[in-house]
Amino acid sequence: MTLDQSAILEVERDVQNSLFDQMSEEQKLKVAPLATRMRPRNLDEYFGQNDAIGEGTWLRSAISNDTLSSIILFGPAGTGKTSLARIIAQNTNAQFEEVSAVTGTVADLRKAIAAAQSRLGIQGQRTILFIDEIHRFSKSQQDALLHAVEDRVVILIGATTENPYFEVNPPLVSR
């Protein structure tokens, strides 16, 4: 099998998997808690953060123009960090990958980054890598993200309840 054939098979497998993923998500949504079902789906439904995503802000412009770079969302629990990450993914042409720092490992990060590299190289589609509770990753786990973020293989959206200037690696914060 040539490289082109294997790439085509991988794309077909991704399409097939995304159809099953969509069906699975629809089934999960039927039994999801009310808060999950009521989660805002677009920027117009997202309330309470006008300083960050109101009309005319750089973040709203970056989302609308699909030019977003990596960001870290910092705030108390329940302020909509995860909802905003999902809205960003839906309003851009990027694939959304989610890893929780509570249960995730470096292997999970490497798998997500490898899939992102493949997707970018074969389909030209960018990947948003959302890491919930990013401050819980150790410094070495955070370092595993540096090259992918620096090379724009992934657009990192980190969510944290802790001040990122103290809990997230400075090289990662600077990118």
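Annotation: the span from R126 atom CZ to D66 atom CG amounts to 4.0 Å, rounded to 0.5 Å. Once rounded to the nearest 0.5 Å, the distance linking CD of Q125 with CG of N93 reads 7.5 Å. Here E162 contributes atom CD and E133 contributes atom CD; the two are 8.5 Å apart, rounded to the nearest 0.5 Å. Here the CD atom belonging to Q117 is positioned 11.5 Å from the NE2 atom belonging to H147, to the nearest 0.5 angstrom. The distance from atom CZ of R37 to atom NZ of K30, rounded to the nearest 0.5 Å, is 12.0 Å.
Sorted by first and then second residue, the salt bridge (Lys or Arg N to Asp or Glu O under 4.0 Å) pairs involving residues 143-153 (not counting sequence neighbours) are E150-R175. Each salt bridge (Lys or Arg N to Asp or Glu O under 4.0 Å) pair with one or both residues in residues 72-95, not counting sequence neighbours, appears once here: R86-E98.
Residues forming a salt bridge (Lys or Arg N to Asp or Glu O under 4.0 Å) with D51 (at least two apart in sequence, or on another chain): none. Residues that satisfy the salt bridge (Lys or Arg N to Asp or Glu O under 4.0 Å) test with R60, not counting sequence neighbours, are D44, E55.
Listed here is the closest heavy atom pair of V106 and A144: CG1-CB, 4.1 Å. Contact record, R136 with A101: CB-CB, 4.1 Å, taken as the closest heavy-atom pair. Shown here for H135 and Q142, the closest heavy-atom pair between the two residues is O-NE2, 4.4 Å.
More than 12 non-hydrogen atoms from other residues, nucleotides or ligands lie less than 6.0 angstrom from NZ of K139.
With a 4.5 Å cut-off between side-chain heavy atoms of Ile, Leu, Val, Met, Phe, Trp and Tyr, the cluster of L146 takes in I72, V99, L109, I113, L129, I131, I134, F137, L145, V149, V153, V154, L156, Y165, V168, L172, V173. Clustering of Ile, Leu, Val, Met, Phe, Trp and Tyr by side-chain heavy atoms under 4.5 Å joins L68 with L43, Y46, I53, W58, L59, I63, I71, L73, L84, I87, I88, F96, I128, F130, I155, I157.
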